[in-house]
Protein chains: 2
Amino acid sequence: MESVAEAARGRKPEEVKSAARVLEVLELLGAEGARLSLAEMASAMAVPKSSLHAVLRTMEARGWVDLDPSGTRYSLGLKALLTGTAYLEGDDVTSLAGPVLDALAEETGESVHLGRLDGTHVVYLAKRESRHALRMYSAVGRRLPAHATALGKAVLSQYDAAEVQRRLVWPLERLTPNTVTDPDAFLAQLAEARLRGWASDDGENSVDIRCVAVPLGGGRAGDALSCSAPASRMDDVRLEEVAQAVTEAAHSLSTLLKRLGAQ
Amino acid sequence: MESVAEAARGRKPEEVKSAARVLEVLELLGAEGARLSLAEMASAMAVPKSSLHAVLRTMEARGWVDLDPSGTRYSLGLKALLTGTAYLEGDDVTSLAGPVLDALAEETGESVHLGRLDGTHVVYLAKRESRHALRMYSAVGRRLPAHATALGKAVLSQYDAAEVQRRLVWPLERLTPNTVTDPDAFLAQLAEARLRGWASDDGENSVDIRCVAVPLGGGRAGDALSCSAPASRMDDVRLEEVAQAVTEAAHSLSTLLKRLGAQ
DNA sequence: TTCGATCGTTCAGAAGACCGAATGACGTTT
DNA sequence: AAACGTCATTCGGTCTTCTGAACGATCGAA
């Protein structure tokens, strides 16, 4: 009998209702540094107030959401931060990447990132900042569309065209005048990246930023290493040099990971 | 009838069972960079496997937990990271603190932290690293016992003795030979901090690190600003100088916050 | 003050999750 | 090869949570 009601909302009957709601609350509050009232969240989630009320009580009691002094607006609690940093600490790749990132940042003098594919986006897992005053803004946890970043293209270059077609949302969203949105041109870029071993981004998500990225091996298909710099410091020659350095760094990190996986 | 069963486990009947379990899973997986099987978690949480199974399916479907390639060990998912960083982005204090931290780090040349009291511990919300090669290790999201840190003592100095007694766990845990564990000595330190406006830590959580902290005003009773350095660069005279700088920084941040709260 | 529009909170009937035992799928040991 | 241990997974009856409407509290406007 539940199939009618559940199918109408497009949800699997395999989900535990209030478990899903807890996660939805966290995502909703996280989405925009939001401070939302119970009623606002209930309407946003299309859930009865009374049901959400009990869920929020549970979350508040455990420090996963905080309540305004007024007692009427919810925001994320400290537990969310603790768990977020625990993700990074518990991750093999991120833990091992530290010294490699340090060395690459030292060698290139530019901003260096470790990224992971998550659906259609890439998430920064770790970074080292450029020594220069003019540098790109970034933050661990930040998400950028995979199709407009070197990191994303590096990861995607490991899949065939059909898989890429399946993984991305078409048409590709345009972020800057340089964003590659034509499917054929995009797939051609991936093919080129696959051949030479590194992907690039020329102002495709942020004007005037050029970036090079190399996917990690060692069984970590979703991760890549990148180096970004303002176009003013990154002409084509320099790009190739940096690509070389990133490739070597990625290789050495991949070796560390393979060793870990084998043992 | 549920009061008997629930009271026996010490839980309020106000909790939604599977909501609490979702959070408990996240905390369990976050606790130690753990990779746990369903059976292990079920036993750790004292919950039937079959019930937890459904919860984990829900969490996995939404990317909150990841499953090993083998399909038998769970770890935190990427959504945990996204929500964790969202906590920081959505937080007024952390957002406003950036420039103040930069200035203080520049002025002192030492590591600077923004911390928040969470129960008996202090959590780092933001940091700026020392320019020196010899520097303390720290990370955003890291928790340290409040009674053994300048940050914690700064926050606690705002409460009276009875409140402090209530908030901490006695006896105070010893972390280093310098940790103050005697209740009277500890309360005396807080009283002194309250008078002069800043708290200090002399190798109490980490040998050879000295630290100064000042609580924030502006209605953010739980937050404090600190500056830490190796004892070799921090004699008593220098400590007073740094305390002065931190006090000014805390004051300017508090002013920013008050302005925000008023508007 | 009074009204109106929020908001969070409560409650009893209805719907769905929870649980224990049984099952199937591995990998390892005997 | 066979038996064992451990693992995730399924299933139907029972019990809990979920729900929608009604309530009470709070604030601002009239």
Side-chain angles (χ1 to χ4, degrees), chain A residues 1-25 28-29 34-62 64-75 77, chain B residues 1-25 28-29 34-62 64-75 77 261 263:
Chain A
M1 283 299 147
E2 76 280 3
S3 61
V4 177
E6 292 297 339
R9 299 170 192 230
R11 290 198 187 155
K12 302 161 191 171
E14 307 288 346
E15 284 207 332
V16 176
K17 214 184 281 186
S18 38
R21 284 171 180 174
V22 165
L23 303 179
E24 210 172 326
V25 165
L28 189 60
L29 289 176
R35 279 157 214 219
L36 301 173
S37 69
L38 165 59
E40 284 167 346
M41 300 177 75
S43 116
M45 295 167 57
V47 158
K49 277 190 304 181
S50 53
S51 309
L52 200 54
H53 179 245
V55 171
L56 286 170
R57 275 182 96 80
T58 306
M59 297 178 74
E60 195 207 345
R62 294 177 170 250
W64 278 86
V65 297
D66 286 339
L67 208 42
D68 264 13
S70 73
T72 187
R73 297 203 101 76
Y74 289 92
S75 55
Chain B
M1 284 299 148
E2 78 280 2
S3 60
V4 177
E6 292 297 339
R9 297 170 194 232
R11 291 197 185 155
K12 301 161 191 170
E14 307 287 348
E15 283 207 332
V16 176
K17 214 184 282 190
S18 38
R21 284 171 180 175
V22 165
L23 303 179
E24 210 172 326
V25 165
L28 189 60
L29 288 176
R35 272 145 224 232
L36 300 173
S37 69
L38 166 57
E40 284 168 345
M41 300 177 77
S43 115
M45 295 168 57
V47 158
K49 277 191 304 181
S50 53
S51 308
L52 198 55
H53 180 246
V55 171
L56 285 170
R57 274 183 96 80
T58 306
M59 296 178 75
E60 195 206 344
R62 294 176 171 250
W64 277 84
V65 298
D66 287 340
L67 207 42
D68 264 14
S70 73
T72 188
R73 296 203 102 76
Y74 289 92
S75 55
Q263 150 246 330

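Note: hydrogens, waters and symmetry copies are ignored here, and every other heavy atom, side chains too, is used. Naming convention: chains lettered A, B, ... in sequence-line order (proteins, then strands); numbering from 1 in each chain.
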Next item on the list: Return the set of residues passing side-chain hydrogen bond (donor to acceptor under 3.5 Å, both in side chains) with B:Arg35 (not counting sequence neighbours), or none when no residue passes.
Entry: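 B:Arg35 satisfies side-chain hydrogen bond (donor to acceptor under 3.5 Å, both in side chains) with no other residue.
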Next item on the list: Provide the closest heavy-atom pair for A:Leu23 versus B:Met59 in the form atom of the first, atom of the second, distance.
Entry: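 Nearest pair, atom of A:Leu23 first, then B:Met59: CD1-CA, 3.8 Å.
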Notebook entry, point to check: So, for B:Ser18 and B:Val55, which heavy atoms are closest and what is the spacing to 0.1 Å?
Noted result: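 The answer is CB-CG2, 4.3 Å.
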Sub-3.5 Å pairs of nitrogen or oxygen atoms, protein against nucleotides 3-8 of chain D:
| residue | atom | partner | partner atom | Å |
| --- | --- | --- | --- | --- |
| D:dC7 | O3' | B:Thr72 | OG1 | 3.3 |
| D:dA8 | OP1 | B:Leu38 | N | 2.7 |
| D:dA8 | OP2 | B:Ala39 | N | 3.1 |

Checklist line | Flag side-chain contact, heavy atom, 4.5 Å: B:Tyr74 against B:Leu67 | finding: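 B:Tyr74 reaches B:Leu67 side chain to side chain.
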Notebook entry, point to check: So do the side chains of A:Ser51 and A:Arg21 get within less than 4.5 Å of each other, counting heavy atoms only?
Noted result: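 With C-beta onward as the side chain, the pair touches.
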Check: Distance-only, no hydrogens or angles: does the A:Thr58 side chain make a donor-acceptor pair with backbone N or O of B:Val16 under 3.5 Å?
Finding: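 Such a contact is found between A:Thr58 side chain and B:Val16 backbone.
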Check: Does D:dC18 have OP1 or OP2 sitting under 4.0 Å from an N or O in the side chain of A:Ser18?
Finding: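 For D:dC18, OP1 or OP2 has a side-chain N or O of A:Ser18 closer than 4.0 Å.
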Check: Does a nitrogen or oxygen in the side chain of A:Lys17 sit under 4.0 Å from OP1 or OP2 of D:dT19?
Finding: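 For D:dT19, OP1/OP2 do have a side-chain N/O of A:Lys17 under 4.0 Å.
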Checklist line | Angle between terminal axes - the helix from C:dG8-D:dC23 to C:dT30-D:dA1, 5 pairs each end, rounded to 10° | finding: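 Angle reported: 40°, given to the nearest ten degrees.
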Check: Among the nucleotides C:dT9, D:dT9, D:dC18, which one has an atom lying closest to any side-chain atom of A:Ser51?
Finding: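 Looking only at heavy atoms from C-beta outward on A:Ser51, the closest nucleotide is D:dC18.
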Margin query: Please pick, from D:dC18, C:dC11, C:dC19, the nucleotide with the shortest atom-to-atom distance to any side-chain atom of B:Val16.
Written below: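 It is D:dC18.
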Check: Sequence neighbours excluded, which residues qualify as side chain to side chain contact (heavy atoms under 4.5 Å, CB included) partners of A:Ser50?
Finding: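 With sequence neighbours excluded, A:Ser50 shows a side chain to side chain contact (heavy atoms under 4.5 Å, CB included) to A:Pro48, given in chain and number order.
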Item checked: With B:Ala44 via side chain to side chain contact (heavy atoms under 4.5 Å, CB included) - residues at least two apart ->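 Residues passing side chain to side chain contact (heavy atoms under 4.5 Å, CB included) with B:Ala44: B:Leu28.
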Note to self: Can you pull out every salt bridge (charged side-chain N to carboxylate O under 4.0 Å, His left out) where at least one residue sits in residues 36-53 of chain B? Sequence neighbours excluded, please.
What the structure shows: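 Passing the test, one end in residues 36-53 of chain B: B:Glu40-B:Arg73.
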Length of the line joining [X]:[atom1] and [N]:[atom2], which is rounded to integer Å:
{"X": "A:Leu56", "N": "D:dT19", "atom1": "CG", "atom2": "C1'", "value": "16 Å"}
{"X": "B:Met59", "N": "C:dA17", "atom1": "CE", "atom2": "P", "value": "17 Å"}
{"X": "B:Glu60", "N": "D:dT9", "atom1": "CD", "atom2": "P", "value": "8 Å"}
{"X": "B:Leu52", "N": "D:dT9", "atom1": "CG", "atom2": "C1'", "value": "13 Å"}
{"X": "A:Arg21", "N": "D:dT17", "atom1": "CZ", "atom2": "P", "value": "14 Å"}

